[in-house]
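Everything on this sheet refers to the single structure shown next.
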Amino acid sequence: MILMHFFETYLDLRQHAAYKLPTLPKPLEGVIGQEKFQKSRAYSLDKSRFHFLHEFVSILMDSAILLFGILPWFWKKSGEFLVLAGLNAENEILHTLSFLAGVMIWSQITDLPFSLYSTFVIEARHGFNKQTVWLFFWDIIKGIFLSVIIGPPIVAAIIIIVQKGGPYLAIYLWGFMFVLSLVMMTLFPILIAPLFNKFTPLPEGELRESIEKLASSLTFPLKKLFVVDGSTRSSHSNAYMYGFFKNKRIVLYDTLIQQCKTEEVVAVIAHELGHWKLNHTMYSFIAVQILTFLQFGGYTLVRNSSDLFKSFGFDTQPVLIGLIIFQHTVIPLQHLVSFALNLVSRSFEFQADAFAKKLGYASELRSGLVKLQEENLSAMNTDPWYSAYHYSHPPLVERLAAIDKSDKKED
């Protein structure tokens, strides 16, 4: 864990040096305004300095938790709390929920100063934060409420599956998580997302007509087209789509509509529809399911290792603790997998850009990407090692170069 921290800090230092470069990359000269570049540079450097501090504190806390046996101590105290509350501490489900409640409180307390500074200092300083302190804390309260409602049944189900799973434990765990992911993907946009944002139908007009015409030409089963009030919290912009089978929906941030021209927004949607047409979402979902199954398979190999639990200070072998320990032991592997997924994701982004280009949106997509880069004050200079390791989307320079290639060269 510490070695990974040193490696990622080295990459962060390389990227920090890139942020300090006083000039634009040559391909962006004359494309990005100098004023926007200087604002982007200042924003990136502010976030980078804050990131160094946050990561340093995080590695100190995580190391202390492991070295000083905080996990077994906290597990013991959560059981004692159940006894004081008149509940059965031998019930692993109740004990686990008590432990998770304490962890959630601890996480909220330790993360709060960083969240407040990031939102009300850095984001506000650079003109992005739009939410009030009340809205900030109200979102936290709603998040805790959802965790309290949704979390216990899921935790209880996982514990029961592990206890009763036998030799087919990995299959049962994967099957449960597969069904859960489908349920959450269905319920999140309908029941959960509206608790935090307001979704309204995109008004009739040129933009709606253009998107519906584009979707129809691709036989995309568009059922609803929404605008979300992202501007109540931030001036960052985005667009996404969701839904299964013949019930697809597209969501546009109001900031995207405010910042980009109609044809640029349509080009961005053409890019998103490219992901659908090229089955990127399905491939990504399958990859996640395979990785989830392999992860549970690895967990089943170590869950009965009493020596592993004892090495972390535990006399018993609780299900949740086994999952936590397993996550710690495979941290390097997780980073390698994340790196591989980023490579695939960047490839998908190039393909989706090419798809939009073939539909005739090359210039609009190009100008739209530039506009989003400017309005979001995204980093203009990127270190190749850092971007290869961290970025799921290619840097703007690479995307523009790919769009500008001749059709013959692209083929």
Side-chain angles (χ1 to χ4, degrees), residues 32 36 39-40 43-44 47 115 118-119 122-124 126-131 135-136 139 143 184-185 188-190 192-203 207-208 210-211 214-215 220 222 224-243 248-276 280-281 284 342 345-346 348-353 355-356 361 364-380 382 387 390-396 399-400:
I32 301 291
K36 285 291 185 181
K39 288 183 177 180
S40 164
Y43 179 51
S44 297
K47 289 198 300 179
S115 297
S118 176
T119 302
I122 295 179
E123 294 294 307
H126 296 279
F128 287 117
N129 179 53
K130 303 299 179 184
Q131 62 181 327
L135 184 58
F136 175 86
D139 281 349
M184 292 305 297
M185 283 192 292
F188 180 83
I190 299 172
I192 298 176
L195 295 176
F196 297 89
N197 290 98
K198 183 179 180 182
F199 293 78
T200 56
L202 179 66
L207 179 58
R208 185 181 184 93
S210 298
I211 294 176
L214 173 62
F220 178 75
L222 178 62
K224 293 184 180 181
L225 190 51
F226 290 115
V227 178
V228 61
D229 62 340
S231 59
T232 58
R233 288 170 174 79
S234 172
S235 58
H236 289 295
S237 53
N238 200 0
Y240 63 92
M241 57 187 182
Y242 64 93
K248 303 289 187 180
R249 305 178 185 192
I250 293 177
V251 177
L252 306 175
Y253 277 55
D254 55 356
T255 47
L256 178 68
I257 299 173
Q258 295 163 8
Q259 294 168 0
C260 295
K261 298 177 181 178
T262 297
E263 58 270 23
E264 292 170 341
V265 176
V266 176
V268 170
I269 298 302
H271 167 94
E272 295 299 327
L273 291 177
H275 286 304
W276 167 78
H280 292 165
T281 304
S284 299
N342 281 342
S345 177
R346 284 197 296 274
F348 285 170
E349 292 304 316
F350 283 127
Q351 292 174 22
D353 284 348
F355 181 85
Y361 292 100
E364 293 86 353
L365 179 62
R366 194 182 196 283
S367 61
L369 291 174
V370 170
K371 185 74 66 66
L372 291 175
Q373 186 86 358
E374 288 183 324
E375 295 300 326
N376 288 301
L377 297 183
S378 300
M380 307 297 175
T382 55
S387 62
H390 282 291
Y391 284 9
S392 61
H393 286 56
L396 179 64
R399 294 183 72 175
L400 295 184

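We number each residue from 1, following the sequence as shown.
For the ring pair (Phe, Tyr, Trp, His ring centres under 6.0 Å) condition, no pair includes a residue of residues 249-270, sequence neighbours left out. Residue pairs meeting the salt bridge (Lys or Arg N to Asp or Glu O under 4.0 Å) criterion with at least one partner in residues 224-234, sequence neighbours excluded, are D139-R233.
E263 is linked by a side chain to side chain donor-acceptor pair (under 3.5 Å) to nothing, counting only residues two or more places apart in sequence or in another chain. Residues passing the side chain to side chain donor-acceptor pair (under 3.5 Å) test with R366 are D404, sequence neighbours excluded. In this structure, the ring-ring contact (aromatic ring centres under 6.0 Å, His included) partners of H280, at least two apart in sequence or on a different chain, are H275, F348. Checked against ring-ring contact (aromatic ring centres under 6.0 Å, His included), F350 has no partners two or more places apart in sequence or in another chain.
Side chains of K130 and S235 form a contact here, defined as non-hydrogen atoms less than 4.5 Å apart. At least one side-chain heavy atom of V266 sits less than 4.5 Å from a side-chain heavy atom of L207.
Between L365 and A267, the closest heavy-atom pair is N-CB, 3.5 Å. Scanning both residues, I122 and K47, for their nearest heavy atoms gives CG2-CG, 4.0 Å. Between R399 and P394, the closest heavy-atom pair is CD-O, 3.6 Å. K36 and L377 get closest at one heavy-atom pair: O-CD2, 4.0 Å. The two atoms that bring M241 and E272 nearest to each other are CE-O, 2.8 Å, heavy atoms only. Residue V265 comes nearest to I257 through the heavy atom pair CG2-CA, 4.4 Å, listed as atom of the first residue, atom of the second, then distance.
At a cut-off of 3.5 Å, with distance as the only test, no side-chain donor of E264 or Y361 sits close to an acceptor on the other residue.
Side chain of D254 to backbone of S231: a donor-acceptor contact under 3.5 angstrom is found. Here the side chain of R346 pairs a donor or acceptor atom with the backbone of Y391 at under 3.5 angstrom.
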For this session: Given side chain to side chain contact (heavy atoms under 4.5 Å, CB included), test H126 with K39 step by step and report yes or no.
Result: CA-CA 8 Å; H126 296 279; K39 288 183 177 180; over 6 Å; no

